[in-house]
Amino acid sequence: MALLQILHFPDPRLHLKAHPVKLFDKELKVLVDDMAQTMYQNDGIGLAATQVDVQKRLIIIDISKSDEAKKLQAFVNPEIISRSGDVVGEEGCLSVPGVYESVRRSENISVKFQDLDGNVYTKDYTGLMSVCVQHEIDHLDGKVFVEYLSSLKQNFIKKKMKKIFKPQ
Ligand code: NI
């Protein structure tokens with residue numbers, strides 16, 4: 001396993017649209033292992049391939065608490081096929097460390113996705129899991145959660161990130 005480098009907002013590579021996964025091979029499993037190690041190392045609960053500069057439609061999520069057993073879920077080619085309700089909650093992102101802002105999301109979603117072997121599933125999610133899946137799928141479409149905020153707030157966050165991550 002290997003730790004991967006996480007891109008930070010406003011890196012333009014975070015705005016690339018990821019391509020569908022067609023090969024369910026060993027390489028995909030290795031990528032998931034590396035992404036999982038990277039996510040756990042950074043105390044994250046979700047990570048999209050886009051965030052590690054890989055343009056594949058793949059996200060991983062683990063919302064288990066630190067005192068619970070790990071429960072990693074990988075979604076390949078995830079697609080929201082229906083949604084209902086509204087919920088506003090505070091979100092954070094490993095690509096925008098230290099920033100937590102409220103975002104409006106759908107409360108309930110139905111997601112079609114594949115597992116690492118290509119099997120197709122459709123599952124319903126609500127609560128934190130629903131928000132997480134929506135946040136991560138946004139990454140695959142090149143959208144970072146702070147882009148839901150006012151341009152004033154976004155500019156403030158960009159400045160803050162540039163201070164933290166000065167170019168080498
Ligand atoms: Ni994120």
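As the structure lists them, so they are numbered: ligands from 1, and atoms in each ligand from 1.
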Handout entry: Residues forming a salt bridge (Lys or Arg N to Asp or Glu O under 4.0 Å) with K17, sequence neighbours excluded
Key = D141
Exercise for the section: Provide the tally of protein N/O/S atoms nearer than 2.8 Å to the Ni ion (ligand 1). Expected result: 3
Handout entry: Row check, Y148 ring normal vs K153 NZ/CZ: under 6.0 Å, within 45°
Key = no
Fill in the blank from the handout: So ring-ring contact (aromatic ring centres under 6.0 Å, His included) across residues 12-42, not counting sequence neighbours, yields none
Going by atom type alone, with no hydrogens or angles, which donor-acceptor pairs under 3.5 Å involve a side-chain atom of residues 89-98 and a protein atom two or more places apart or on another chain?
from: E91; atom 1: OE1; to: R105; atom 2: NH2; distance (Å): 2.9
from: E91; atom 1: OE1; to: H135; atom 2: ND1; distance (Å): 2.9
from: E91; atom 1: OE2; to: R105; atom 2: NE; distance (Å): 2.8
from: S95; atom 1: OG; to: L7; atom 2: O; distance (Å): 2.8
from: S95; atom 1: OG; to: Q51; atom 2: NE2; distance (Å): 3.0

Handout entry: Between CG on residue N77 and CD on residue Q114, distance to nearest 0.5 Å
Key = 5.0 Å
Practice task
On the 0 to 90° scale, with breaks at 30° and 60°, tag the F75-Y125 ring pair as parallel, tilted or perpendicular.
Solution key: perpendicular
